[in-house]
2 protein chains.
Amino acid sequence: MPVTPGSLTRCEAGDQPFPPGQAKACTVREVLDRVGGKWSIGILVAASQGPVRFTELERRIEGISRRMLTLTLRNLERDGLLHRRVYPTVPPKVEYTATPIALELYESLVALTSWAERHHTAVADARGAYDQAHGTAD
Amino acid sequence: MPVTPGSLTRCEAGDQPFPPGQAKACTVREVLDRVGGKWSIGILVAASQGPVRFTELERRIEGISRRMLTLTLRNLERDGLLHRRVYPTVPPKVEYTATPIALELYESLVALTSWAERHHTAVADARGAYDQAHGTAD
DNA sequence: CCGTATCCCGAGCGATACTG
DNA sequence: CAGTATCGCTCGGGATACGG
């Protein structure tokens with residue numbers, strides 16, 4: 001059985017104007033609005049292996065700025081995807097841990113990685129063909 | 001068995017600097033960069049039910065502008081997710097159809113919708129708690 | 001009917017410097 | 001160590017008007 005249209009009912013949490021029949025699209029957007037940021041997934045992956053400290057993330061993510069690391073961590077924490085534990089020591093120590101629902105999300109993302117791995121060459125080919133047919137570099 | 005770190009090998013198609021151990025993050029980003037746009041999913045959903053015409057999409061998506069509809073259609077076509085068929089009639093008629101790999105992607109997205117449906121209340125609660133604890137509206 | 005062309009704005013992100 | 005503050009830019013996206 002393919003995807004059943006209408007199996008997803010409502011779209012109440014969003015402020016986006018999705019008409020009926022587009023409930024699924026809306027639901028997906030919900031997720032994308034939360035982990036669609038440039039660094040969210042990377043942080044989630046790192047934190048899914050166990051508690052991670054701020055500076056460790058800064059090293060592991062490579063390319064991220066202090067600012068974006070902080071911002072993304074805050075957003076993930078706000079959405080209940082990360083738990084932030086502060087040790088009142090000196091120097092300070094903060095650990096970030098993926099919450100259970102983040103781990104579930106992580107699992108769900110596997111479907112996407114699988115798709116990407118199966119078709120990324122096809123996508124690349126399609127791009128090449130398209131750019132060939134139209135104006136590649138003019 | 002939970003997600004096995006390292007089961008996804010390389011990240012060759014991207015131009016983003018993902019260090020080793022972040023291959024999964026990179027792969028997911030690949031997908032997000034393609035369907036992460038504001039309207040991509042909606043169009044994909046509509047086109048997955050069968051061929052759709054331009055104006056029909058314009059009505060079904062509700063809120064989308066002509067410009068963004070065209071742009072998003074072009075991107076999806078370029079990535080091989082949509083097939084564009086032009087009937088040389090007058091007035092012109094154009095049909096967009098989801099390709100097989102788009103349908104597979106659509107299936108993969110079900111995992112995300114499932115996650116969203118299971119936890120969107122938890123996320124909302126987390127947000128509320130966070131905003132409560134910090135400065136909601138001050 | 002199916003687009004393109006232009007203008008404009010705000011969010012997202014990067015760089016840099018400062019702090020408890 | 002783990003942040004905050006400020007600036008500035010790029011780019012996605014909205015509004016509007018025009019064209020084949």
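These values consider heavy atoms only, across backbone and side chains, with no hydrogens, waters or symmetry-generated copies. Naming: A, B, ... by sequence-line order, numbering from 1 per chain.
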Within this structure, what is the [atom1]-to-[atom2] distance between [X] and [N], rounded to whole angstrom?
| X | N | atom1 | atom2 | result |
| --- | --- | --- | --- | --- |
| B/R59 | C/dC2 | CZ | C1' | 13 Å |
| A/I61 | C/dG14 | CD1 | C1' | 16 Å |
| A/F54 | D/dC1 | CZ | P | 11 Å |
| B/K38 | C/dG10 | NZ | C1' | 12 Å |
| B/L57 | C/dG3 | CG | P | 10 Å |
| A/L71 | C/dT16 | CG | C1' | 15 Å |

Indicate whether OP1 or OP2 belonging to [N] is found under 4.0 Å from a side-chain N or O atom of [X].
| X | N | result |
| --- | --- | --- |
| A/Y96 | D/dC1 | no |
| A/T55 | D/dA2 | yes |
| A/R84 | D/dG3 | yes |

Side-chain-base donor-acceptor pair under 3.5 Å for B/R67 and D/dG14: yes
Nearest-nucleotide pick for B/K93, side chain only, options being D/dT4, D/dG13, C/dC2: C/dC2
Sugar-phosphate only, base, or nothing, as touched by A/R66 at under 4.0 Å among non-hydrogen atoms: base
Sugar-phosphate only, base, or nothing, as touched by A/Y87 at under 4.0 Å among non-hydrogen atoms: nothing
5'-most by nearest nucleotide on DNA chain C - A/G36 or B/R53: B/R53
Mutual orientation of the aromatic rings belonging to B/W115 and B/H119 [parallel < 30°, tilted 30-60°, perpendicular > 60°]: tilted
Close side-chain approach of A/V123 to B/R34, heavy-atom, < 4.5 Å: yes
